[in-house]
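None of these values were measured; they are calculated from a predicted model. Residue numbers begin at 1 in each chain, while the letters A, B, ... track the order of the sequences.
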Amino acid sequence: MNIQSVRGFKDWLPEDFIKYQYLINLARSILLTYNYKEIKIPILEKTELFVRSIGEFTDIVQKETYTFQDRNKEFVTLRPEATAGICRMIIEKGLFVNPKPLKFFTTGPMFRHERPQKGRLREFYQIDVELFGELNPYLEAETIYLAFEILKAPFNLKNYSEIYTLEINSLGCLKCRAEYKKELVKFLKENKDKLCHTCQERLEKNPLRVLDCKIKTCNDVIAKTPIITEYLCKECKIHFEKLKEIFNSIGIKYVENPRLVRGLDYYIRTIFEIKAKGLGAQDTVAAGGRYDYLLKELGGDYLPAIGFAIGVERWAISIFGDKKEKFLQELFPDIFLIVLEDELLIKGFQIAQFLRKYGLKCEINYEKKSLKAQLRNADKLLAKFVLILGEKEWKEKKALLKDMKKGVQEEIKFENLETLSYKIYNKIKNEL
RNA sequence: GAGGCCGUAGCUCAAUGGUAGAGCACCGGGCUGUGGCCCCGGGUGUUGCGGGUUCGAAUCCCGUCGGCCUCCCCA
């Protein structure tokens, strides 16, 4: 094993990737019913985009991005998230003049240079959902509801509330958050000597993040800090109360966590995280919030916005756990063709093409092997049916169709290869 | 970025500083027209990589790459 994959970048073998496909397809079908449109944005963006959107003093930008100079000496960055790129696209294409709301989603890899562990890769996949154009708590309720709809869709999870828990908070608007920040900094400065080293730095550059610190001594201080929700202005308060009211009336359980903050600077008012069981330390499976001013900060018009991202690998772990064989069946061939004479291989080739046109997953082996060896091969590939064509059959214009599970076989007479294929298709389509 | 555990055959794992092994898998045969079962035979290896100590290293030391866990951070 000479060359290993890059740290934190993983291979997806069929039995893994089929789960990814299943989840993505489910999410897509739900998003389409909410009238979200799928888009694709670049994986590489100018570094400045992320500095200006996520925030210069966030951990993501300061120490987690893959940033380098390209051959023209321009600084570029592998996207650590998708929101910034979508905002850039909206501004660059002038989409903010379009009828509102704008509803987009995208899926694909994100890149963060962190120490890998379970549920944390350096290349990881997100389903990113963004809505632009309205400032209404109903949209937040609907967006978070949508996140749950997606998360619980696999196998129609009925007990999803045992797996996923929702935490919400309001960070206030620009006005009241500034007010709060002042009070928070004042309080933290009085207790500066009790804070850890990084928190003392955060105090200067990004004081809200102190609330997210998990070091015990800091926790003691945090427990006594002023709470943002007590500083919300009238409008923000009404907004947040309305959201909770909607949750209560549609039966969405939530935990209000006044210490919940986010690692990206652009969030405002409502933010949320959905945590999942079985994930260990990296338990946030989906998170998002409102970011009304981001578009304006990036040079566009003022356009209220809300969005969230689902971490696909984490979602997969929360759904499948360590079970490995759930989807293997999808990978089995429907039918395996065994041709016993070299001269008949061309017939096998043609039958395979016909069967594939009928949508059957068809495998054929062109090597000269005994019937026994070929059957063993078909068995190992877990083929559901086997078609046997030998000299004897060809002369009598028939073929043998064997049901591998039942262990029985029957003769199928035919006039030409196309009618043979059609007969086979009709015989087995209901058994697959 | 910090700390800890780990890395041996395709997989799961043994081997107390002294000949690199087992089970499963795989390949061949018994068996040239019928899979799964059975029997016989085959070890398929740069012990992650690179140095060092030693008569001798999978084993001890250093470095490095990768995985897992915690911190951190987040999806």
Handout entry: Touch class at under 4.0 angstrom, heavy-atom based, for A:Leu121 against every strand present
Key = base
Handout entry: B:rC72 and B:rG4, which share atom name C1', separated by this distance in whole Å
Key = 15 Å
Problem - Pairwise 5' ranking along RNA chain B for A:Pro116 and A:Gly119, keeping only the more 5' one - result: A:Pro116
Practice task
May I ask you to check whether A:Phe148 and A:Tyr160 place their ring centers less than 6.0 Å from one another?
Solution key: yes
Handout entry: Consecutive-pair stems (3 or more, Watson-Crick or G-U, under 3.5 Å) for RNA chain B
Key = B:1-7 with B:65-71, B:10-13 with B:21-24, B:26-30 with B:38-42, B:48-52 with B:60-64
Problem - Under 3.5 Å: donor-acceptor pair, side chain of A:Arg122, backbone of A:Pro116 - result: no
Exercise for the section: Considering only atom C1', compute the distance from B:rA15 to B:rU47 and round it to an integer number of Å. Expected result: 11 Å
Practice task
May I ask you to check whether A:Thr77 and A:Thr67 show a side-chain donor-acceptor distance below 3.5 Å?
Solution key: yes
Exercise for the section: Determine the Euclidean distance between corresponding P atoms of B:rC31 and B:rU16; express it in Å to zero decimal places. Expected result: 44 Å
Handout entry: Non-hydrogen side-chain atoms of A:Ile168 and A:Asn257 separated by less than 4.5 Å
Key = no
Fill in the blank from the handout: Between A:Arg269 and A:Arg290, the two heavy atoms sitting closest are CB-CD, 4.0 Å
Practice task
Rounded to whole angstrom, note down the C1' distance from B:rC37 over to B:rU44.
Solution key: 25 Å
Exercise for the section: In whole angstrom, give me the gap between the C1' atoms of B:rC62 and B:rU70. Expected result: 25 Å
Handout entry: Salt bridge present between A:Glu64 and A:Arg115 (N-O < 4.0 angstrom)
Key = no
Handout entry: Whole-Å C1' distance, B:rG17 and B:rA2
Key = 33 Å
Exercise for the section: Counting heavy atoms from C-beta on, name the nucleotide in B:rA75, B:rG3, B:rG66 closest to the side chain of A:Arg7. Expected result: B:rG66
Exercise for the section: Check the distance between B:rA75's P and A:Ile274's CD1 and give it to me in whole angstrom. Expected result: 12 Å
Practice task
Please determine, for the side chain of A:Arg314, which listed nucleotide (B:rC68, B:rA75, B:rG1) has the closest atom?
Solution key: B:rA75
Handout entry: Close aromatic pair by centroid cut-off 6.0 Å: A:Tyr125 and A:Tyr20
Key = yes
Exercise for the section: Taking all heavy atoms of A:Leu295 and all of A:Ile91, pick out the closest pair and write down the distance. Expected result: O-CD1, 3.5 Å
Completion exercise
From the candidates B:rA75, B:rC72, B:rC68, the one with an atom nearest any side-chain atom of A:Lys63 is B:rC72
Problem - Pair of N/O donor and acceptor under 3.5 Å linking B:rA2 base with A:Arg115 side chain - result: yes
Exercise for the section: Ignoring backbone atoms, test whether A:Arg262 places a side-chain nitrogen or oxygen under 4.0 Å from the OP1 or OP2 oxygen of B:rA75. Expected result: yes
Problem - Centroid separation A:Phe105 to A:Tyr36 less than 6.0 Å - result: no
Exercise for the section: Quote, to the nearest angstrom, the C1' distance that separates B:rU19 from B:rC55. Expected result: 16 Å
Completion exercise
For nucleotides 28-45 of chain B, 5' to 3', base contacts (B), sugar-phosphate-only contacts (S) and non-contacts (-) with protein non-hydrogen atoms under 4.0 Å give ---B-BBBB---------
Practice task
Please state the C1' separation for the pair B:rA14 and B:rG21 - nearest whole angstrom.
Solution key: 7 Å
Exercise for the section: Identify whether any heavy atom of A:Ala378 sits under 4.0 Å from a base atom; if not, whether one sits that close to sugar-phosphate; answer base, sugar-phosphate or nothing. Expected result: nothing
